[in-house]
Amino acid sequence: MSTSTRLSAVVISAAMLFMAASLTPVLAQNAAPATASSQTVAASQALTIKQIHEKLEAAGYTDITEIERDRTVYEAKARNKDGQRVKLDMDLASGDILKTKIKSKDH
């Protein structure tokens with residue numbers, strides 16, 4: 001390989017590294033607001049714990065002892081219409097029950 005070819009390869013490699021390094025902060029800056037705004041939208045659309053409690057009561061659940069907000073769902077503990085202790089996962093925005101687990105022991 002001639003000296004001029006090696007020099008050209010080094011210059012091109014250096015230019016590519018510089019371009020990649022200069023683009024990384026720009027890409028990172030663009031990604032952060034999208035993630036933050038997605039979480040903000042989800043938070044603004046989520047029902048309150050009081051609204052979740054009211055939905056559970058309207059659906060016939062009693063002895064509601066716990067309602068917690070997880071990152072993606074509300075988790076609640078209550079008794080169903082048959083008197084069984086259940087753990088429920090509920091949609092943040094609609095309050096729809098996504099998952100019901102009957103507790104094997106009456107705690």
Side-chain angles (χ1 to χ4, degrees):
M1 195 182 279
S2 70
T3 304
S4 64
T5 304
R6 285 185 194 155
L7 183 59
S8 295
V10 169
V11 169
I12 290 172
S13 296
M16 290 175 68
L17 285 173
F18 176 77
M19 287 175 33
S22 64
L23 286 177
T24 301
V26 171
L27 294 174
Q29 288 173 2
N30 289 341
T35 302
S37 66
S38 298
Q39 291 172 351
T40 304
V41 170
S44 69
Q45 293 176 345
L47 296 174
T48 65
I49 289 178
K50 182 179 178 186
Q51 290 170 316
I52 292 294
H53 192 276
E54 290 168 354
K55 281 189 159 282
L56 287 171
E57 285 181 330
Y61 290 92
T62 59
D63 192 20
I64 302 164
T65 59
E66 188 176 318
I67 300 174
E68 295 180 347
R69 182 177 172 171
D70 193 357
R71 290 174 52 157
T72 58
V73 295
Y74 274 111
E75 296 175 347
K77 292 181 182 176
R79 288 195 185 275
N80 65 14
K81 292 178 183 179
D82 297 327
Q84 299 169 307
R85 292 294 303 160
V86 292
K87 181 178 178 185
L88 307 161
D89 287 352
M90 303 174 69
D91 183 80
L92 289 174
S94 68
D96 292 341
I97 296 173
L98 305 173
K99 181 178 169 184
T100 303
K101 181 178 179 182
I102 297 174
K103 304 301 272 182
S104 59
K105 295 181 181 179
D106 196 14
H107 290 189

Which pairs count as salt bridge (charged side-chain N to carboxylate O under 4.0 Å, His left out) when at least one residue sits in residues 56-68, sequence neighbours excluded?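 Salt bridge (charged side-chain N to carboxylate O under 4.0 Å, His left out) check on residues 56-68 returns Asp63-Arg79, Asp63-Arg85, Glu66-Lys77.
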If you round to the nearest 0.5 Å, how far is [atom2] of [Y] from [atom1] of [X]?
{"X": "Ile49", "Y": "Arg69", "atom1": "CD1", "atom2": "CZ", "value": "9.0 Å"}
{"X": "Tyr74", "Y": "Gln51", "atom1": "OH", "atom2": "CD", "value": "8.0 Å"}
{"X": "Asp89", "Y": "Thr72", "atom1": "CG", "atom2": "OG1", "value": "7.5 Å"}
{"X": "Asp96", "Y": "Asp91", "atom1": "CG", "atom2": "CG", "value": "6.0 Å"}

Is Ile102 reachable from Ile67 through a run of I, L, V, M, F, W or Y residues, each pair having side-chain heavy atoms under 4.5 Å apart?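 Yes, same cluster.
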Could you pull out all residues at least two apart from Asn80 that satisfy side chain to side chain contact (heavy atoms under 4.5 Å, CB included)?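 Counting only residues at least two positions away or on another chain, Asn80 forms a side chain to side chain contact (heavy atoms under 4.5 Å, CB included) with Tyr61, Asp82, Gln84, Val86.
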Under the side chain to side chain contact (heavy atoms under 4.5 Å, CB included) rule, collect the residues that match up with Lys81, sequence neighbours excluded.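 So Lys81 forms no side chain to side chain contact (heavy atoms under 4.5 Å, CB included) with any residue.
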Is any side-chain heavy atom of Val73 less than 4.5 Å from a side-chain heavy atom of Met90?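 Of all side-chain heavy-atom pairs linking Met90 with Val73, none is under 4.5 Å.
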Show the numbers, then the answer: is there a side-chain contact (heavy atoms from CB on, under 4.5 Å) between Leu88 and Leu56? CA-CA 10 Å; Leu88 307 161; Leu56 287 171; 3.4 Å; yes
side-chain contact (heavy atoms from CB on, under 4.5 Å) between Leu92 and Gln45, worked out: CA-CA 8 Å; Leu92 289 174; Gln45 293 176 345; over 6 Å; no
I need the minimum non-hydrogen distance between Ala78 and Ile64, along with the two atoms involved.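 Nearest heavy atoms, Ala78 then Ile64: CB-CG1, 3.8 Å.
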